[in-house]
Amino acid sequence: MEVRGELVLVCILGVLICSCNFFMVSEAVWLNLPASGTKCVSEEIHNNVVVLADYVVVSDNHSHIPTISVKVTSPYGNKLHLKENVTHGQFAFTTHEAGSYLACFWVDGHVQGSGDVSVNIDWKTGIAAKDWDLVARKEKIEGVELELRKLEGAVEAIHENLLYLKTREAELRFVSEVTNTRVALFSLMSLGVCIAVSALQVWHLKRYFQKKKLI
């Protein structure tokens, strides 16, 4: 019985660690930038979340690597990162506004060859952006204990996401209720105007026929 219990515990721990790794996967994005124009990537992020991203230009021509410009803005338009004439770089920040964060890329100057420039972006948020190697060295933990710490961070991240979604759902429900109320009031006003116009037309026609002594 003790062996079976230990096997069950190991299986449960394995599932939890796999779930933790699933939620810690970072997002890798490839962009093909045209010679002119801008391409952007965005992500909906709630408040107080760490964001870390690395970007690099990938070119077959190693003798001439084109340069790009990068601009990252917050949902309210605040500039968080701006670099020009670079082939690689990194930006990191902690969000202070909930909403869609936008990272835009464009090519600097003239591009030799086909004109398309490939950019690889490794975008990490929340627990995935945390340096777990540094945590392990600082707190002197490893193995199962480190995986449990990762799992704890993943659970906290999921809990925060659920709270954020709940808040967003309440805000959208409030907006929907206000909109429905306004539509109902507008419908009643429209109906009242139609009744008033109809009554005025009847009164006007009645007076007209009375003047003409038709009724």
Between CG on residue L31 and OG1 on residue T38, distance to nearest 0.5 Å = 11.0 Å
Just checking, is any N or O donor in the side chain of N48 or E160 under 3.5 Å from an acceptor N or O on the other one?
-> no
How far apart are the closest heavy atoms of Y164 and G99, and which atoms are they?
-> OH-N, 4.2 Å
Would you say the side chain of K124 lies within less than 4.5 Å of the side chain of D122, judging by non-hydrogen atoms?
-> yes
Non-neighbouring partners of F105 that pass ring pair (Phe, Tyr, Trp, His ring centres under 6.0 Å), sequence neighbours left out = Y55
Distance-minimising heavy-atom pair for S69 and N85 | OG-N, 3.8 Å
Of all heavy-atom pairs linking H81 and Q90, the shortest is CE1-O, 3.5 Å
Minimum heavy-atom distance between S100 and S42, given as atom pair plus value = OG-CB, 3.5 Å
Verify same cluster id: I121, L102 (apolar side-chain graph, 4.5 Å) | no
Please examine the side chains of L163 and H159, heavy atoms only from C-beta on, and report whether any two atoms are closer than 4.5 Å.
-> yes
Looking at CZ of F209 and NE2 of H204, how far apart are the two atoms once the value is rounded to the nearest 0.5 Å?
-> 9.5 Å
Gap between atom CD1 of I65 and atom OG of S59 - 0.5 Å precision | 6.0 Å
Test log, rule side chain to side chain contact (heavy atoms under 4.5 Å, CB included), inputs W123 and V51 | CA-CA 8 Å; W123 184 293; V51 178; 4.2 Å; yes
Which pair of non-hydrogen atoms, one from V57 and one from P66, has the smallest distance, and what is that distance?
-> CG1-O, 3.8 Å
Shared hydrophobic cluster, L52 / F91 (ILVMFWY, side-chain heavy atoms < 4.5 Å) = no
Could you pull out the closest heavy-atom pair between D108 and V86, with the gap in Å?
-> OD2-N, 4.4 Å
Which is it for H96 and Y76 under the side chain to side chain contact (heavy atoms under 4.5 Å, CB included) test, yes or no, and what are the steps along the way?
-> CA-CA 10 Å; H96 299 289; Y76 296 148; over 6 Å; no
Just by distance, do the side chain of S198 and the backbone of C194 share a donor-acceptor pair under 3.5 Å?
-> yes
Considering residues, nucleotides and ligands other than H46, do more than 12 of their heavy atoms fall under 6.0 Å from its NE2?
-> yes
Under a single-linkage definition using a 4.5 Å side-chain heavy-atom cutoff for Ile, Leu, Val, Met, Phe, Trp and Tyr, are F93 and V29 assigned to the same hydrophobic cluster?
-> yes
Which distance, rounded to the nearest 0.5 Å, do you find between the CD of E97 and the OG1 of T73?
-> 10.0 Å
Taking side chain as C-beta onward, heavy atoms only, is S74 less than 4.5 Å from Y101?
-> yes
So do the side chains of V119 and K39 get within less than 4.5 Å of each other, counting heavy atoms only?
-> no
Any side-chain heavy-atom pair of T87 and T67 under 4.5 Å = yes
Taken to the nearest 0.5 Å, the spacing of L162 CG from T167 OG1 works out to 10.5 Å
Any side-chain donor paired with an acceptor under 3.5 Å for S118 and N32?
-> yes
W203 side chain reached by R207 side chain, heavy atoms, under 4.5 Å | yes
Less than 4.0 Å between a side-chain N and a carboxylate O, is that true for R168 and E171?
-> yes
For V50 and T94, run side chain to side chain contact (heavy atoms under 4.5 Å, CB included): C-alpha distance rounded to whole Å, both residues' side-chain angles, the deciding distance at 0.1 Å, then the answer.
-> CA-CA 4 Å; V50 177; T94 300; 4.0 Å; yes
How long is the span from the NZ atom in K83 to the NE2 atom in H88, to the nearest 0.5 Å?
-> 10.5 Å
Consider only side-chain heavy atoms of I, L, V, M, F, W and Y, link residues closer than 4.5 Å, and tell whether V72 and W106 are in one cluster.
-> no
Taking ILVMFWY side chains as joined if any heavy atoms are under 4.5 angstrom apart, and letting links pass through other members, which residues group with V175?
-> none
Are the side chains of I68 and V70 in touch, meaning some heavy atoms are under 4.5 Å apart?
-> yes
Partners passing side-chain hydrogen bond (donor to acceptor under 3.5 Å, both in side chains) against E156 (at least two apart in sequence or in another chain) = none
